[in-house]
Structure formats: structure tokens, C-alpha cells
Amino acid sequence: MKRRSGFGVMAQLIGLVKPLTGYMLLAITMGLAGHLCASFITILGGYAVLELLGWRVPMTLGGIFLCGILFSAARAGLRYGEQACNHLIAFRLLALLRDRVFQALRKLAPARLEGRDKGDLISVITSDIELLEVFYAHTISPAAIALLFSGLMSLFIGQYHPALGILAAVSYLIVGLVIPLAVSKASGDVGLRLRSQAGELSGFVLDSMRGLNETIQYGQGAARLAQMHARTDALAAVEARMKRISGRNTAVTNTVILSCDLMMLFAGAALFHRGQVDFSGVLIPTLALFSSFGPVVALAALGSTLQNTFAAGNRVLDLLQEQPVTRDIDGKPEISFRGARAERVSFAYDREKILDNVTMDFPQNRIVGIQGRSGSGKSTLLKLLMRFWTVEQGGIELSGRNLEEINTANLREMESFVTQQTHLFHDSIRNNLRIARLDATDREIEEACRKASVHDFIMSLPQGYDTPVGELGETLSGGERQRLGLARAFLHDAPFLLLDEPTSNLDSLNEGVILRSLKEEGGGKTVVLVSHRASTLRIADQVYSVEHGRMS
């Protein structure tokens, strides 16, 4: 994870506000006017006291009460308007962020995401993004409002005596800037640790739920629960530390505010004693300062919570700025499939050699089998053919053109890839199949399912093709999910079909039906068939053997 300073995170997050600058300026204007109304209600009370004591004031007692009523009503409306604008900005920007995050995930997938903790990723795109609402709704405009408001109030107080104006400015500076920065520095990386541990806990919980059957089967429930308690306690300890920091922040802020109010009173009294101000120069500046800490107190309260917000922002920015392993390609001439070839291909994961100097031909309209032990690099070769990763040495060609010179959309149209684990969405069977081709007719969907030996099973279900599939396809068996994955590939009707252990979860009867379909489809397609089953590879026109990443 890239560590950015709080100001660095803030600058990049503020940069996203540009499309909504008008709303932000409106929020700042209404917030500034609202806080001025709130402060001057108290100041008007001071003027009323001076009027009753016979001092000359800018307006009559009736005018003072009328202004107080108007300011009270205006304060309510302006406060509502400010919050409405801030939350409009926040929620629109959160929607924008989510859109950008999913665009980034689309570019990163699937290579980068295979090695990423899914629970932590879910935490980033849900709770971390949601936490940024605090920044957009309760930080940007309040900071601008506090700055403008403090300047205006310092000028107002300073008209009684420059020293009082300077004292007010210093007071605002300490409460609104010095304290938050000090608290933020004292917090260290506790916010980042909180977000990271929360993400890790989410991943652990998700992993535990998926493996619940195995945990129960092998009697590991108590051990798993103990690990979860340990992680929860560690997270609670970090959160408790943040709350202690927040509590100390509040105590220090209130103490400083009280001290500043007393200093203003004593400074005004000292100037009065020297004859440099009259009684109004003591009363009004003291009341003005006393009633005007609201905007800077809001900033002071952010001192501890901003660490958490910046940590969330840092994690979101990491995802947005992460470079994909492979880039999308466009602007190249479109091609049609006329065979493929892997020439002296080598590839490694994190310095672990997976493929070493592998050469294979995949002629048009032929079925090519690849066999080898688990971990020998068979699946990796298929993913390189799909350009999920970039070949490190050697090259892969389709129709005589290097894979890196083919448009991504064109490549996806020419290839169908069936993995060992078929992912099904929480939707109907029909919609899960139609992902392969959105304009497919019901007749074409049924034909694809017949080829995959799954049509009869679907028709036996209460709602047929409209039967909903449970989340992650858990309502179906492994073999049923695998056959639906094959049906998708048949429906996509690409000329280059890549199959990774397509019959591993099937019985011999269903395997025979599917292999017969593949043999029939092979008349117009190139099929790459990865399997450890000899029965599956019998339909291949040519079989390559891969052991420990090398041809054998």
C-alpha cells in the first residue's frame, strides 16, 4: 500500500469535487451566512444589554429583537440548505467514486484480483468509500467556512481594538488548526491500521462462511471461532485507542476555548482599565468570541476522525491508481480467427517459474489436448492465451498476429474460456446464460444447453429457465454449474474455445454427451482441451504433455 500524507489524500479527494463546484460554493456561502446569523444572535443580546444600560448602539431595542428573530429563522434555513448541498455533493461523489472503482476493477481483472483478499476488497468498495461521506459532507465546506468566518469575526472584533482582533485570530488558529494537526500527528497510523484490520476481518469472515461445511466436518469450529475473537479483539483495541484520542481531543478543545474566552475578557478589561476601549469594547468582543467557535470546533472534532477517513481514502486511491497487469488495446485492425500458436513461452508468478520455453500449435478447426499434473502450468497457458497476463518471454500469436497487437474486444469475441469454477450470479438461469450473448434468443439458449447436457435438468426445475440461482450458485451442484459454464461457451459461439478441466465434476454419461458435442462443434472451431482424464482427451486430434512448466 502506498502511504500518502493526509494533505496528499485530501488534495486528491478534493480534486474530484470539480464537477460540483457550484454546489460547493453554494454550501460554503449558506454555511458562512448561517454561522454569522448564529453568532450575531448572541452579539445582539450584548447590544440589548448596552441599550438598557444607556449606551449608544447601532439600533433600537425593537430593531435588536426583530433582527434576532430574523437571524434565528435565517439560521435554520441556511443550515438546512448547507447540509442539503453538502450531502448532495457527498452522495453524488460517492456514486462517482464507486463508478470509478468498478472501472478500475474491470481493468485490473482478472489477473490482479486472483491474488487479492476478496473480503478486504469488499471492505474497500463498501465501507471505505462510504466513510468518505464524512470528508465530502463534513470536512471540505466546513473548513472553508471556518477560514472565512474566522477572518470576518477577527475583523469585527478588531474594530474595537487591533489587539483583540489578533487575539481572536490566534484563538481560532489554535482551535481550528493547531489542535487538529496535533491530534492527527498523535494518532499516527492508527486510522490506517483500523481500516486495514477491518478489511482483514471482513476477508476472514467471508472465508469462514464459505468454508463452514468443512469447518463443521473436521471439528474446527472452536479453533476458527477463537481466531475470529482474536481478530475482533485486536480491531476493538485499535478502535478503543481512536476513541481515547477523540475524547482527549474534545477535552483539550473545550479547555482551550474556555481559556481563550477568559483571555479575551481579561484583555478587554485591561484595555478598559487603560482607557483604550469603553465598556462595549469589553462586552461585545467577549460575547463575539464566546459565540463564534462553532465552525472551528467542527474542525477540531475532525482531528481524530480524519485519520480514519484519510486511511479509507488512501485505500480507495490505491485501488484507483493501481496499474493493470495487462492493458486494454484498441485502434488496431480487426481480424478473424485462423489458428493460434505459442512460441517459446515462459512465465512466472512472483519469481516462481510456471512455464518455461513452451511451444504449441493450435491449428484452425482442430481439437488440441493438454495434459499434465496439477500445477504444471496448463491453466496458466490458457490465461495467457486470453491475455489475462502478459507473456514474459516468447510470444503468442492469433491468426499470425502477436496477441499484444489485437484489440481486446476483438480478442474476447474470438475466444471463449471455461474455467474449473463457474461463477453464477444471483439471478435466473436464463439471465446467467445470456451473459455470453445478450441478444441470444430462447431457442439459441436451449440449443446451447442441449449441447452441454443440461437442458433436461433445467426443465425439471419448477420454473425452468426462469429458476433463480442462489448467491454464488450454491443452490446447484458442481457438475450442474460446470455444465452451465459450458452452455455459456457454446452460446458465445467463438471460434477459439479454451476449456480448463471441463468435465472434472461430471459423471461418465454427461461427459460423453458433452465430448460428442465438442467433437461436432470442432468442425468449425479450434478447441484447446486441458484435462488430466484420459477419457476426455480421446477426442483430441493432438495432445501436448506439460510437466513442471516444460514440454515433455
Side-chain angles (χ1 to χ4, degrees), residues 106 109-111 113-114 337 362 367 378-379 382-383 385-388 408-461 463-507 510-531 536 539:
R106 182 183 177 278
L113 301 186
E114 285 195 1
F337 183 78
F362 308 103
I367 299 178
K378 307 184 302 297
S379 299
L382 297 190
K383 292 172 183 177
L385 286 166
M386 288 291 295
R387 203 172 63 208
F388 289 169
T408 300
N410 190 192
L411 184 66
R412 298 291 181 261
E413 288 173 359
M414 291 188 291
E415 296 180 330
S416 286
F417 183 31
V418 179
T419 64
Q420 297 180 47
Q421 300 295 326
T422 299
H423 179 83
L424 297 176
F425 295 92
H426 192 32
D427 203 340
S428 68
I429 290 176
R430 189 189 311 278
N431 288 339
N432 266 284
L433 293 169
R434 192 165 270 141
I435 288 172
R437 207 173 90 220
L438 296 178
D439 61 349
T441 64
D442 289 346
R443 183 186 182 91
E444 290 169 329
I445 291 174
E446 290 182 14
E447 181 61 28
C449 289
R450 290 182 191 278
K451 292 178 181 178
S453 187
V454 74
H455 172 75
D456 291 341
F457 162 73
I458 294 174
M459 295 308 296
S460 71
L461 298 173
Q463 301 178 53
Y465 282 86
D466 294 317
T467 301
V469 176
E471 189 172 2
L472 301 177
E474 292 299 332
T475 55
L476 303 177
S477 70
E480 291 157 357
R481 291 197 300 271
Q482 195 166 35
R483 281 182 283 163
L484 287 174
L486 283 165
R488 278 178 178 167
F490 288 134
L491 185 62
H492 186 52
D493 199 28
F496 194 26
L497 192 56
L498 309 176
L499 307 178
D500 189 2
E501 298 285 1
T503 61
S504 59
N505 293 318
L506 305 182
D507 55 36
N510 282 312
E511 180 188 32
V513 173
I514 290 170
L515 293 178
R516 185 168 62 251
S517 295
L518 286 174
K519 192 69 175 176
E520 293 171 357
E521 287 285 305
K525 296 186 183 345
T526 297
V527 180
V528 181
L529 185 58
V530 168
S531 181
T536 301
I539 67 167

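Small disclaimer: the values here were computed from a predicted structure and weren't measured.
- For the pair P502 and V530, the tightest heavy-atom approach, listed with the atom from each and the gap, is CD-O, 3.6 Å.
- Legend: salt bridge (Lys or Arg N to Asp or Glu O under 4.0 Å) pairs involving residues 409-429, not counting sequence neighbours: none detected.
- Counting all heavy atoms, side chain and backbone alike, A487 lies closest to A452 at N-CB, 3.6 Å.
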- Message: Test side chain to side chain contact (heavy atoms under 4.5 Å, CB included) on F417 and K383; report intermediate values, then the result.
- Response: CA-CA 9 Å; F417 183 31; K383 292 172 183 177; 4.1 Å; yes
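- Taken from OG1 in T441 to CD in E447, the straight-line distance is 10.0 Å, to the nearest 0.5 Å.
- Atom-to-atom distance recorded for S416:OG and D493:CG is 8.0 Å, nearest 0.5 angstrom.
- Interatomic distance, CD of Q482 versus OG of S453, reported as 12.0 Å (0.5 Å rounding).
- Inter-residue side-chain proximity for R443 and E446 is flagged as unmet; no heavy-atom pair is nearer than 4.5 Å.
- Proximity of T419 to L382: side-chain heavy atoms (C-beta onward) are nowhere separated by under 4.5 Å.
- F496 and F362 have tilted rings, their planes meeting at an angle from 30° to 60° on a 0 to 90° scale.
- Rounded to the nearest 0.5 Å, atoms OG1 (T467) and CE (M459) are 9.0 Å apart.
- For the pair P495 and M414, the tightest heavy-atom approach, listed with the atom from each and the gap, is CD-O, 3.3 Å.
- Residues L476 and L484 have side chains in contact (heavy-atom distance under 4.5 Å, counting atoms from C-beta outward).
- Here E444 pairs with R437 under the salt bridge (charged side-chain N to carboxylate O under 4.0 Å, His left out) rule; sequence neighbours left out.
- Screening L497, L499, V454, L491 for a side chain to side chain contact (heavy atoms under 4.5 Å, CB included) with L486, the sole residue that qualifies is L499.
- Using a 4.5 Å heavy-atom threshold, the side chains of Q463 and P468 count as touching.
- When each of L498, I367, D500 is checked for a side chain to side chain contact (heavy atoms under 4.5 Å, CB included) with V528, only L498 meets the rule.
- Within the 4.5 Å cutoff, the side chain of L461 has heavy atoms near those of the I429 side chain.
- Salt-bridge formation is detected for the pair D466/R430: a Lys NZ or Arg NE/NH1/NH2 atom is positioned less than 4.0 Å from an Asp or Glu carboxylate oxygen.
- Under a 3.5 Å cut-off, the side chain of R488 and the backbone N or O of I435 do not form any donor-acceptor pair.
- The minimum heavy-atom distance linking Y465 with H455 is given by the pair OH-ND1, 2.7 Å.
- When all heavy atoms of I445 and R434 are compared, the closest pair comes out as CD1-NH2, 3.5 Å.
- Looking at heavy atoms from C-beta onward, L515 lies in side-chain contact with T536 at the 4.5 angstrom threshold.
- If you take CZ on F337 and CG on L411, they are separated by 10.0 Å, rounding to the nearest 0.5 Å.
- Note on residues 432-452: no pairs pass ring pair (Phe, Tyr, Trp, His ring centres under 6.0 Å), not counting sequence neighbours.
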